[in-house]
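Position 1 is the first residue of the sequence, and the numbers go up from there.
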Amino acid sequence: MENKKFQFKTNINCSSCVSKVTPFLNEAAGENQWEVDTTNRFKVLTVASEGITEKQIVDSVEKAGFKIEAVSE
């Protein structure tokens, strides 16, 4: 299975938001497999991980209390 890259628009907009979502995303995708570009106006979350589904990522971020929406290609 190849590494897939998922991108999402979120409302994760500062370092304390990132630290809130970190345990959820690390558990779902793995450490160092994701990043949030808080300088982008859409706060783009990029996840590059194999064996994870888009839904698992969305569920993890929502569980952490943030909004998330897939970016269409």
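- Considering all non-hydrogen atoms of both residues, Ala28 and Gln56 come closest at CB-O, 4.5 Å.
- Listed here is the closest heavy atom pair of Val21 and Ala64: CG2-CB, 3.7 Å.
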For the pair Phe66 and Ile12, evaluate side chain to side chain contact (heavy atoms under 4.5 Å, CB included) and give the outcome as yes or no after the intermediate values. CA-CA 7 Å; Phe66 294 96; Ile12 301 167; 3.8 Å; yes
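- Asp59 is linked by a side-chain hydrogen bond (donor to acceptor under 3.5 Å, both in side chains) to Lys55, counting only residues two or more places apart in sequence or in another chain.
- The shortest distance between side-chain heavy atoms of Thr46 and Asp37 does not fall below 4.5 Å.
- Hydrophobic clustering (side-chain heavy atoms under 4.5 Å, transitive across Ile, Leu, Val, Met, Phe, Trp, Tyr) keeps Phe24 apart from Ile68.
- With a 4.5 Å cut-off on side-chain heavy atoms, Leu25 and Leu45 count as touching.
- To the nearest 0.5 Å, the span separating CZ on Arg41 from OG1 on Thr39 amounts to 12.5 Å.
- A donor-acceptor contact shorter than 3.5 Å links the side chain of Lys43 to the backbone of Thr38.
- In this structure, NZ on Lys5 lies 7.5 Å from CD on Gln7, to the nearest 0.5 angstrom.
- For the pair Ala29 and Ser49, the tightest heavy-atom approach, listed with the atom from each and the gap, is O-OG, 2.9 Å.
- Cluster membership for Val47 and Val44, using ILVMFWY side-chain heavy atoms within less than 4.5 angstrom, is not shared.
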Begin from the C-alpha positions of Asn13 and Val36 and carry the test side chain to side chain contact (heavy atoms under 4.5 Å, CB included) through to its verdict. CA-CA 8 Å; Asn13 58 11; Val36 180; over 6 Å; no
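- More than 12 heavy atoms of other shown residues, nucleotides or ligands fall within 6.0 angstrom of atom CD in Glu62.
- Between Lys9 and Phe42, the shortest heavy-atom contact is CD-CD2, 3.3 Å.
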Output, in order, the C-alpha distance, side-chain angles, deciding distance and verdict of side chain to side chain contact (heavy atoms under 4.5 Å, CB included) for Ile57 and Phe8. CA-CA 9 Å; Ile57 299 165; Phe8 303 90; 3.5 Å; yes
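- Looking at residues two or more places apart in sequence or on another chain, you find a side-chain hydrogen bond (donor to acceptor under 3.5 Å, both in side chains) between Asn26 and Trp34.
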